[in-house]
Structure formats: structure tokens, C-alpha cells
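So you know, we letter chains A, B, ... as the sequences are listed, proteins then strands, and number each from 1.
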There are 2 protein chains.
Amino acid sequence: MKTRRVLTDRQSAVPALAEAFREHGFEGASLAVLSKATGLGKGSLYNFFPGGKEEMMAAVLDNIDTWFVDAIFQPLEDGPDPQAAIIAMFADVTAYFRSGRRVCIVGCLGLNTAGQAFSSKLAGYFARWISALAHCLEKGGIPQGLALALAEEAVSGIQGAIVLARALDEAASFQRIVARLQATLLAALAASPEAGTAPDTVTKDAT
Amino acid sequence: MKTRRVLTDRQSAVPALAEAFREHGFEGASLAVLSKATGLGKGSLYNFFPGGKEEMMAAVLDNIDTWFVDAIFQPLEDGPDPQAAIIAMFADVTAYFRSGRRVCIVGCLGLNTAGQAFSSKLAGYFARWISALAHCLEKGGIPQGLALALAEEAVSGIQGAIVLARALDEAASFQRIVARLQATLLAALAASPEAGTAPDTVTKDAT
DNA sequence: ACATCATTTGACCGAATGGTACAAACGGAA
DNA sequence: TTCCGTTTGTACCATTCGGTCAAATGATGT
């Protein structure tokens, strides 16, 4: 068979790149840092990512995006039980961001000019997250307008919790804030007209 | 008279430095950028800030801190009417951050390793903001624990709104989220055991 | 007018940047 | 073994980095 190992090796470097970008930001992550983080020489990095740092970051963003789609967005969109999906989302997100010790690369990129090259990806990431969460809330019987507002508030709130927890160096802040966000969503679900969330009827159709 | 204009000129450069750091981040704001932003040669910058970029950023942070103390924290702590103080805070913050188009330097610095040198300032900024807001809510009759949680949620929420609005490039998101945060605080105030909205000095009423 | 002196400047420095070139090293296929 | 394409390390490039400095500038006091 043809050697397709090119892509797999490239993919295997992405997590290390992500961690380096997370820690130092796009501008702060020099090629020396990236080389050390991945254990690859500059030549290898440019072999895998001919586009340089931009292509590396693009690969990292794609990797993050597929992770979120699989772990967060799809369960929100397709999960049979809205309440369980939301609880799982907060648990996964808390673990992913290590209670705010770990930074959200997507959010960070949007904050300075370095990330302008990726603006459409950033917007897509957040738009899909909000949309998936809102859709999940709607499935739980919450009217569309409120569902969208709650989803926006929750996603934004998670980002804020990361910023605050990092600045205060207090993971407890993150956990408190996220717990409040989760409680708000679950309360809204419980207060919705069709709070029953019968799994049988929901799986059938949820227009 | 002796020309002690040194300090005043130094101060006059700070806003331009702040804008440059805001736009490019700490690592991304090269001396060339800072020189162009301030209209000062590199030599002049090093005359005012012998410590280099770090001292420039420290001056910017101090400048921001005093602005927030005067415009936000003090009114929250000392204002006679909690409700009015909170409304004023959200109005001032929305104007300051230009509905999320403008980034919070303090929050940004905490997100990558470049800001570790300023960690105590960052923590102090957020701690005081939360404390001032919580104190204001307590004055409005909200019990301490809830007041602290609400304050933490609001400050964190503002940061999240900035991140989201920047990534989506939608100032409307910022305004919606901040409006919800304000409504939450005001509702909590209204629902508090009021006792006249303030036991002692309630003579003034808000317009 | 002159002398004094703080302030400003842009050329300059060594180090580090992102990126390129390329020869050696590697690893399957024959 | 030989072969040939892929990976890899490293030397190198032009540029830019943060930072320094002697010289130019301009205001001040007499």
C-alpha cells in the first residue's frame, strides 16, 4: 500500500502544538517553542506544515473543532435527553478546560489582531456551540428566543469563567461560575412547559 | 519654574500605549508598533520607561486601574444608591469596552504566559471589582454569600461577553449578554428583603 | 548672546525571529 | 543488497526583535 503515514504523523504533532499555542499564544509561540514542544526539528515541522505557523494553528483549530463537534455539539444536537446532554456538556467542558487552568485557544485568538486570519473559524466555532446548545434547550421545551439567550449566556459565561479563573489563579472560581450556569439552564428546563422530556416521543421528531 | 514635565509627558503616552497593547497583545506589540502608536522614537520611550515594554505595560495597567477605581469601584463602594450604582457600572463598562469591540487588557494578559509578570496586578483588579460589586449588592440588602456569587458571575460574564463579541464580531451579543447580567442583579436587588433599600442613608433616590 | 543641560532621535547592536535549502539518514520494496 | 522517495537535523537567510548610544535638538538661566 501507499505510505499514507504523512497525515497520521502530522496529526500526532497537533496536540503538542495546541498546548504550546495555548500556553504562549500565537505570537508568543516561536518556532523554537513549537519545535521543543513537539520534539520535531524545524525541518520536520515545515515538512508537515508548509504554511508555517499559520497552517499549524489552522490544524490545531481543526483538531479542536472536531473534538468539540464529537464531544459537545453532536450530543447536544442529537442526544435524546436534553438535561443529560447539558450535564454532560458542563462536565466535559470543565474537564477539557481543566477548571479554567487551561485556556480556550479559540477565544484567545479572537482577542488580538493575530487571530484575524482565522476569524471565520472562530465565529463558526462559537456560533455552532450556541446553536447546538439552543437547539438542545428547545428540545427540552424552552421557546426559541429564550433558548437562544440562555445558550449565548452559557457559552459566554464559560469563556468569562476561564478569563477570571486564570487571572485570579483560582480554579474554584471557574467551578462556582460554571455550576451556576448549569443550574440556570437546568432550572429553565425544569420550568419549561413540557418538562416531562419523554424520551419516546422526543426521539421520534423534534421540529 | 523647574521643568518637571517628565512625568506628565510620560503619562500622556500611556493611552496610546494602552491602545497598542490592546490591539496587538503584549508579545505582538513590538517597539516599532509602540513607537508609531505614541509618535515617540524608541529612545524617548526608553527615556520614559527604562524598564522597556514591561514598564510600559505596568504603567498602562496602573492607568487602567486608577480609571476603574475612580469610575467603577468607588461609586460601587461609596454610592448611596446600589441600584443606580449598578446601572451606572454597566453603562460605563459598555462604553469603556465599546460593546465588546475593545478588549480587556487585564483579562487578556492573564490568558498567556506573557502576563505572568503582572499576575498580582491582574488578580487585584478582578478581586477588587468583585469585592466592590458584592459590597454594593450587600448594601442593597442581599446576603453576603449570594452577593459574592452574583458579583463574581457579573464580572466574569462581562469578560465572557467581550470574548464572544470579539469572536463573533457582533457587538449586539455583548449588549444582549450585559443586559441580561444587569437584569439579574437588579432583580436580585428588587427581591432582597429590602427594608427600605438601605437601612441608614436612603434619603437620596435615583432618577 | 551665550553656556548649560535635559530631552529626543535615528542609526546601530547582538540576539532571535519565521522561513528556506539541502544533504544525510531512514525505511520499505525489489 | 540496491534502490528511491520520505523524514530529519542543521546550517543558513533576510528580517525584525528589544535595547543602547552618541550626537542633535531645544529649552532655560544669566
Whole angstrom is fine here: how far is it from CG in B/L31 over to C1' in C/dA16?
14 Å

Using atom CZ of B/F26 as one end and atom C1' of D/dG18 as the other, report the distance to the nearest whole Å.
10 Å

Over all strands shown, is A/G52 touching base, sugar-phosphate only, or nothing at heavy-atom distances under 4.0 angstrom?
sugar-phosphate

For A/E54 and C/dG18, what is the distance between atoms CD and C1' respectively, to the nearest whole Å?
12 Å

Under 30°, 30 to 60°, or over 60°: which ring-plane class applies to B/F118 and B/F26, parallel, tilted or perpendicular?
perpendicular

Below 4.0 Å: OP1/OP2 of C/dT9 and any side-chain N or O of B/S44:
yes

Specify the separation, in whole Å, of atom CZ of A/F48 and atom P of D/dG9.
10 Å

A/R176 and B/E153 ion-paired at < 4.0 Å:
no

To the nearest angstrom, the NZ-P distance between B/K36 and D/dT16 comes to 11 Å

When you check the phosphate oxygens OP1 and OP2 of C/dT7, does a side-chain N or O of B/N47 lie under 4.0 Å from one of them?
no

Please report, rounded to the nearest Å, how far the P atom of C/dC22 is from the OH atom of A/Y46.
17 Å

Length of the NZ-C1' vector between B/K53 and D/dT16, whole Å
12 Å

Under the 3.5 Å rule, do the base of C/dG19 and the side chain of A/K42 count as making a donor-acceptor pair?
yes

Taking only the side-chain nitrogens and oxygens of A/S30, find out if one of them lies under 4.0 Å from OP1 or OP2 of C/dT17.
yes

Taking atom CD of B/Q74 as the centre, report whether more than 12 heavy atoms of other residues, nucleotides or ligands fall under 6.0 Å from it.
yes

Can the ring centroids of A/F174 and A/F97 be said to lie less than 6.0 angstrom from one another?
no

Expressed as a whole number of angstroms, how long is the span from A/L40:CG to D/dT10:P?
13 Å

